Protein chains: 2
Amino acid sequence: MEYEQLKLDNQLCFRLYTAARLTTGAYHPYLEPLGITYPQYLVLLVLWEKDRQPVNDIARRLMLETNTVTPLLQRMEKAGLIVRTKGQEDSRQRIVSLTKKGIEMREQAKHIPECLATDIIKTTGSVEEIMQMIPMLDKLIEGLKQTNNNKFK
Amino acid sequence: MEYEQLKLDNQLCFRLYTAARLTTGAYHPYLEPLGITYPQYLVLLVLWEKDRQPVNDIARRLMLETNTVTPLLQRMEKAGLIVRTKGQEDSRQRIVSLTKKGIEMREQAKHIPECLATDIIKTTGSVEEIMQMIPMLDKLIEGLKQTNNNKFK
DNA sequence: CAAATTTATATCGTTCACGATGCAAAAGTA
DNA sequence: TACTTTTGCATCGTGAACGATATAAATTTG
């Protein structure tokens with residue numbers, strides 16, 4: 001059949017797109033009480049590992065463009081989770097730091113990964129099989145970073 | 001370490017989120033000349049398999065909400081790819097059909113899946129390893145559909 | 001050192017994605 | 001048949017995601 005490869009069911013990318021949307025949705029019940037979104041949660045993960053980072057470092061870590069991250073940070077600042085201060089050595093930079101509220105949220109978010117794992121186990125049976133994807137996803141992501149014109153170096 | 005599970009590198013979901021964004025980005029150079037976006041391409045895939053479907057069937061197939069699909073279809077109609085006509089048996093329904101332009105685009109899009117596969121092979125070395133994820137993603141997606149409160153039944 | 005280039009971030013416009021809500025048509029029920 | 005509920009789709013508001021563009025500060029170059 002000539003158009004066989006255009007069938008939705010044959011497409012890896014559609015599965016990734018769907019799986020990503022549904023996982024984000026699975027986080028929703030846990031993030032909503034904290035008043036944050038999934039991308040905001042990702043920013044917090046980055047800052048909980050290392051506080052006081054310039055916008056660019058956060059963007060690179062999340063493999064997002066700065067014009068995605070900037071408005072994200074502006075909303076988080078308005079929500080009182082972070083503050084953005086001018087860099088001292090390099091005054092073009094904006095250093096992002098956690099506020100008291102942002103630091104304390106770590107404690108409230110502590111159990112979210114386990115909750116997600118439990119949810120997935122409950123409906124898929126095992127989480128081990130799913131976790132096998134991790135090295136494959138890493139390989140794919142590494143490849144795609146190159147494919148997409150070395151946007152993230 | 002108490003917050004070990006909150007590390008970004010330990011998170012499957014972040015990888016899915018990133019892989020999905022980057023794959024969509026990898027489609028961009030092939031879709032842009034056609035004047036369509038990745039979600040619009042997905043709608044076309046669905047309609048190329050079976051023309052004349054109500055909004056709801058398209059949404060269910062893509063596992064999207066109708067309030068995402070409706071504006072998507074409106075833009076596609078404005079672009080001349082589809083038309084939306086009132087259903088005959090059930091006049092609440094809007095039947096989505098391909099236009100001549102929409103039908104003809106199939107020919108132009110025919111090679112896109114191969115192009116993507118080639119791009120991925122070029123940067124990751126093999127596509128077989130990546131394709132192993134397909135059954136795992138299907139299992140995860142099935143599980144998440146249930147997790148997310150049976151939104152898509 | 002002055003001019004050109006690069007870098008860090010921000011702004012703008014368009015397109016998703018989805019929760020909440022609205023509305024009319026269909027289906028179920030008293 | 002009248003009333004209630006459900007269903008199919010649309011509208012609205014908010015938050016991403018990103019291409020294109022802007023701006024100021026740093027860096028490089030002549």
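Computed over heavy atoms, backbone and side chain alike; hydrogens, waters and symmetry mates excluded. Here is the naming used below: chain letters follow the sequence lines, and residue numbers restart at 1 for every chain. From a predicted model like this one, the values you see are computed outputs, not experimental measurements.
In this entry the distance linking CG of B:Asp57 with P of D:dG8 reads 9 Å, nearest Å. Protein atom CG of A:Leu62 is 16 Å distant from nucleotide atom C1' of D:dG15, rounded to whole Å. Rounded to whole angstrom, the span from the CZ atom of A:Phe14 across to the P atom of C:dA17 amounts to 11 Å. The nearest whole Å value for the distance from the CG atom in A:Leu73 to the C1' atom in D:dA17 is 14 Å. We find that NE2 of A:His28 is positioned 16 Å from P of C:dA17, with the value rounded to whole Å. As a whole-Å value, the separation of A:Leu42 CG from D:dG15 P is 17 Å. Look at CG on B:Asn148: it is 15 Å from P on C:dA17, rounded to the nearest Å. C:dC18 atom C1' lies 19 Å from atom OH of A:Tyr27, rounded to whole Å.
The side chain to side chain donor-acceptor pair (under 3.5 Å) check on B:Thr123 picks up A:Thr147, with sequence neighbours excluded. Legend: residues meeting side-chain contact (heavy atoms from CB on, under 4.5 Å) with A:Thr24, ordered by chain and number and at least two apart, are A:Tyr38. Partners of B:Arg92 according to the side chain to side chain donor-acceptor pair (under 3.5 Å) rule, which considers only residues two or more places apart in sequence or in another chain, are B:Asp90. In this structure, the side chain to side chain donor-acceptor pair (under 3.5 Å) partners of B:Glu114, at least two apart in sequence or on a different chain, are B:His111. The side chain to side chain donor-acceptor pair (under 3.5 Å) search around A:Lys100 returns A:Glu104, not counting sequence neighbours.
Within residues 78-103 of chain A, the residues having any heavy atom under 4.0 Å from DNA chain D are, by residue number, A:Glu89, A:Asp90, A:Ser91, A:Arg92.
Residue pairs that meet the ring pair (Phe, Tyr, Trp, His ring centres under 6.0 Å) test with at least one member in residues 40-74 of chain B, sequence neighbours left out, are B:Tyr27-B:Tyr41. Applying the ring pair (Phe, Tyr, Trp, His ring centres under 6.0 Å) rule to pairs touching residues 55-96 of chain A yields nothing, sequence neighbours excluded. Residues in residues 119-135 of chain A take part in these salt bridge (Lys or Arg N to Asp or Glu O under 4.0 Å) pairs, two or more places apart or across chains: A:Glu129-B:Lys139. Sorted by first then second residue, the salt bridge (Lys or Arg N to Asp or Glu O under 4.0 Å) pairs that include residues 68-86 of chain B, not counting sequence neighbours, are B:Glu77-B:Arg84.
Side-chain N or O atoms of A:Glu142 include none that pairs as donor or acceptor with a backbone N or O of A:Leu137 at under 3.5 Å.
Of all nucleotides listed (C:dG19, C:dT11, D:dC18), D:dC18 comes nearest to the side chain of B:Arg21.
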When you compare the protein's N or O atoms with those of nucleotides 14-16 of chain C, which come within less than 3.5 Å of each other, and at what distance?
residue, atom, partner, partner atom, Å
C:dC16, OP1, B:Thr37, OG1, 2.6
C:dC16, OP2, B:Gln40, NE2, 2.9
C:dC16, OP2, B:Arg75, NE, 2.6
C:dC16, OP2, B:Arg75, NH2, 3.2
C:dC16, O5', B:Arg75, NH2, 2.8

Protein-nucleotides 20-23 of chain D N/O pairs under 3.5 Å:
residue, atom, partner, partner atom, Å
D:dA20, N6, A:Asn67, ND2, 2.8

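Rounding to the nearest 0.5 Å places CZ of B:Arg15 at 11.0 Å from CE of A:Met133.
Taking only side-chain nitrogens and oxygens, B:Thr70 never comes nearer than 4.0 Å to OP1 or OP2 of D:dC9. Taking 4.0 angstrom as the limit, A:Gln74 places a side-chain polar atom (N or O) nearer than this to OP1 or OP2 of C:dT11.
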